[in-house]
Amino acid sequence: MALWHFAVLLLVSGTAPTTASMLNSLGCAPEPTSKDQAVRVFYTTSMVPSGCEARGPTNPNLEVHVLNLRYSRSQMSSLLFNVSGGAAKEKCQAVFVVNSNISIFLNIHQEGDCHLSIIHALNTYLSIPLSEDSNKTSLPVSNDQLLTWAKETYGGVSSFAELEDPQQIHFQVAREPSTNEDCILAQDFNTESYLEVEVESHKVETCLDARKTSEKVAHILWLQQSSPDEGMQTVELNVKMVCKDGRSEDEAEIPLTLWLKSHQNMVWKMGQRLSFLQLWPSGKYSLPDFGMHNGMFLPDNKEELIQRARSNSFVVSYTEIPSAKTITLEYDRLCGPAAAVTSPPAQKTLNLTVMVHRFIDLCKPWKCLDSSIEIAVPKIYLAALPARVDEITLKDPSCRAKDNTTHFVLNSILDKCSTQLEGGIHVKNQLILTLPLFPEKVTVPFECDLPEKVSLQLYDTADFHSPSTPVIEANQVTYVEVSFRTAIKQFSLEIGDCFLKTRDNKPQLLFHQGISLSYSVMSLQSPSPKTQRFSFIYKPENELWSIESATLACVVHLNTSNEKRGSYEGSLQVMLKNLNRSHNQGLRIGTVLGIAFGAFLIGVLLTGALWCIYSHTRPITKTQTISTNPSASESSSTNHSLGSTQSTPCSTSSMA
Ligand SMILES: *[C@@H]1O[C@H](CO)[C@@H](O)[C@H](O)[C@H]1NC(C)=O
Ligand SMILES: *[C@@H]1O[C@H](CO)[C@@H](O)[C@H](O)[C@H]1NC(C)=O
Ligand SMILES: *[C@@H]1O[C@H](CO)[C@@H](O)[C@H](O)[C@H]1NC(C)=O
Ligand SMILES: *[C@@H]1O[C@H](CO)[C@@H](O)[C@H](O)[C@H]1NC(C)=O
Ligand SMILES: *[C@@H]1O[C@H](CO)[C@@H](O)[C@H](O)[C@H]1NC(C)=O
Ligand SMILES: *[C@@H]1O[C@H](CO)[C@@H](O)[C@H](O)[C@H]1NC(C)=O
Ligand SMILES: *[C@@H]1O[C@H](CO)[C@@H](O)[C@H](O)[C@H]1NC(C)=O
């Protein structure tokens, strides 16, 4: 299927020049297409289909702005939302109610220090969560109902705007409020003083094969806004040509003709002077350093416009634009004779790469778990890409994500799948996406930090050379090293409390606030301030032969240069072995003495405190060796935030 499609592409491009000339002479009619991205038209405008402005809620410091976004395509889209202003005003507080009829990522940029809150629809995801200031709620769909909802919720609104296909929104807050008592919707509303929208037109109609021609080509832009009652209007026009054959714009041999239709009082202001450009404007036009010139008459009708343009060139595209302040036309083309072309389908890969990168970076579908990495890419988000994704792997192509119908999911332990681990905490790998329509795979590198964790390791000997199994034998010295996994570079570790707890007995305290509580517990010299070492002798309460499981747990404090002291808890599941069958006196006396000494210290004065400490310490379930991916919060008890645990749109479980 994919192969077949590819073959057709090659076939078409191979025969392109003849087909194109033939189509031209027959009169290729541009038609709407979402597949062909060779011509893209962007424009900025402040005219919205429906909108209003008013004084706002009764609280004079609060502004409430409602945006109802309408997209003509159902693909998920991302929107840059740029809010500026508010620096001058002392108390600026703005609420944005954002509704959309498709799923969108809202990429918020703020300049100025107005306090922003975003109330958004369930299908809208914020790239920077504004924490407690952003609420998801279900919002009414129609303009009228949404406006009524906002008025009722906030006791008034400052502005309302319906926006079509916005890609970027620039919004000015903290202006003088409008004097209108009530916000009453008007058609074709001008939001000039506070709102500008950048739109990628979805109304570009193209001749699919035209871009492969080496003839003179034409684009038609029809700016349809009506003439002002008096004076002139200006629209700035920029043309960006991407030469598919690797030449620069200046080397373009094939001229480009622009037919610019508008009312007579429009001045088309060219942003740049391009040698390859020929203009046929209605109204007036101006070129840099070249003054203003009168245009010509152009017909008020699509067919006639196309017919007119076709008289001297090959018509590539036709676009109607409702209103604009600036227009940008981007055109991927051959800039020289067609023979220069080598591999046509490769061109799109670059742009696709950019798109996939942006998308994946926004979505961050990876997660560093305790001892593995987890990838979960919701397929609903992949629909936002222009091409289907067939496969996702890690750097090692044998590590392929499974398609569980809703997600591509993969869980890999750290020493597999070419995962790099730096400094015991920093994980690096790549996501490699296969898109069947494009020959090259898209590689997106990623990195994340493993969650912070306190580890306890037992050793047999005082030199701490070889780690031992987690078995503690009665009456023998056990060596313990406590370490802390963190991305923090400079820190020292201090022991707080450590205890040994069997299932039935009270915890046997080894350290309390860093002080050893028994002659058998000894702090040892550690080679680095980032670890702590100690030894102790386990003294069972009776001499009966026994093997039982227990937990060795330590609470440690982190001492960092910025005085941020955190407390963390780590534990190790151990086996306590009391293998001494001989019930001889010496042992008994020794044990009794041990218990008595412990009881003297612990029992009378500290039991209460111990229980207090213990009951404040969460139950310990995980072990070091048998750990099963606990999250960061399970292995530490502070509020250190980690990149890998941040919530992203992709980790949101409730999806539209
Ligand atoms: C969103 O609203 C616009 C305008 O009402 C409509 O043309 C479009 O089809 C809607 N999109 C979806 C995905 O429903
Ligand atoms: C946001 O808008 C301000 C003012 O219009 C502009 O200076 C700034 O560059 C914009 N930021 C982005 C990220 O577009
Ligand atoms: C978000 O919702 C919470 C709980 O419903 C509410 O307390 C808070 O005020 C809301 N925030 C905004 C900005 O509306
Ligand atoms: C398309 O690819 C070209 C070549 O790399 C790049 O310059 C251009 O910015 C891309 N266009 C978009 C919209 O990403
Ligand atoms: C697919 O995996 C994701 C991530 O683990 C999970 O949230 C989702 O429920 C799974 N879907 C199905 C249908 O099992
Ligand atoms: C914290 O560490 C610094 C040096 O890293 C040390 O000077 C200081 O005494 C330590 N603080 C405590 C409370 O141990
Ligand atoms: C058993 O008890 C005897 C007498 O107290 C002691 O000498 C010996 O080391 C113990 N053996 C073990 C394995 O603990």
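Atoms within each ligand, like the ligands themselves, are counted from 1 in listed order. Sequence positions, counted from 1, serve as the residue numbers for this chain. Not measured: the values here are computed from a predicted model.
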Does a donor on one side chain and an acceptor on the other come within less than 3.5 Å for S159 and E53? no

Note down each nitrogen or oxygen pair, ligand 1 side and protein side, whose separation is under 3.5 Å; give only atom names and the distance to 0.1 Å.
from: ligand 1; atom 1: 2 (O); to: N101; atom 2: ND2; distance (Å): 2.3
from: ligand 1; atom 1: 11 (N); to: Y71; atom 2: O; distance (Å): 3.0
from: ligand 1; atom 1: 11 (N); to: N101; atom 2: ND2; distance (Å): 2.9

Any atoms of ligand 5 less than 4.0 Å from a non-hydrogen atom of N404? List them with their elements. 1 (C), 2 (O), 3 (C), 8 (C), 10 (C), 11 (N), 12 (C), 13 (C), 14 (O)

Are T45 and S323 close enough that a side-chain donor and a side-chain acceptor fall under 3.5 Å? yes

With sequence neighbours left out, what residues match F160 under ring pair (Phe, Tyr, Trp, His ring centres under 6.0 Å)? none

Under the salt bridge (Lys or Arg N to Asp or Glu O under 4.0 Å) test, which residues partner E152, sequence neighbours left out? none

Please identify each residue that fulfils side chain to side chain contact (heavy atoms under 4.5 Å, CB included) with K325, with sequence neighbours left out. T44, S46, E192, E196

If you measure only the distance, is there a donor-acceptor pair under 3.5 Å linking the side chains of N82 and S84? no

With only distance considered, is T405 within less than 3.5 Å of ligand 5 through an N or O on each side? no

Where ligand 5 meets V409 - atom numbers and elements under 4.0 angstrom, heavy-atom basis: 2 (O), 3 (C), 4 (C), 5 (O)

Does any donor atom in the side chain of N238 or T328 lie under 3.5 Å from an acceptor atom in the other side chain? no

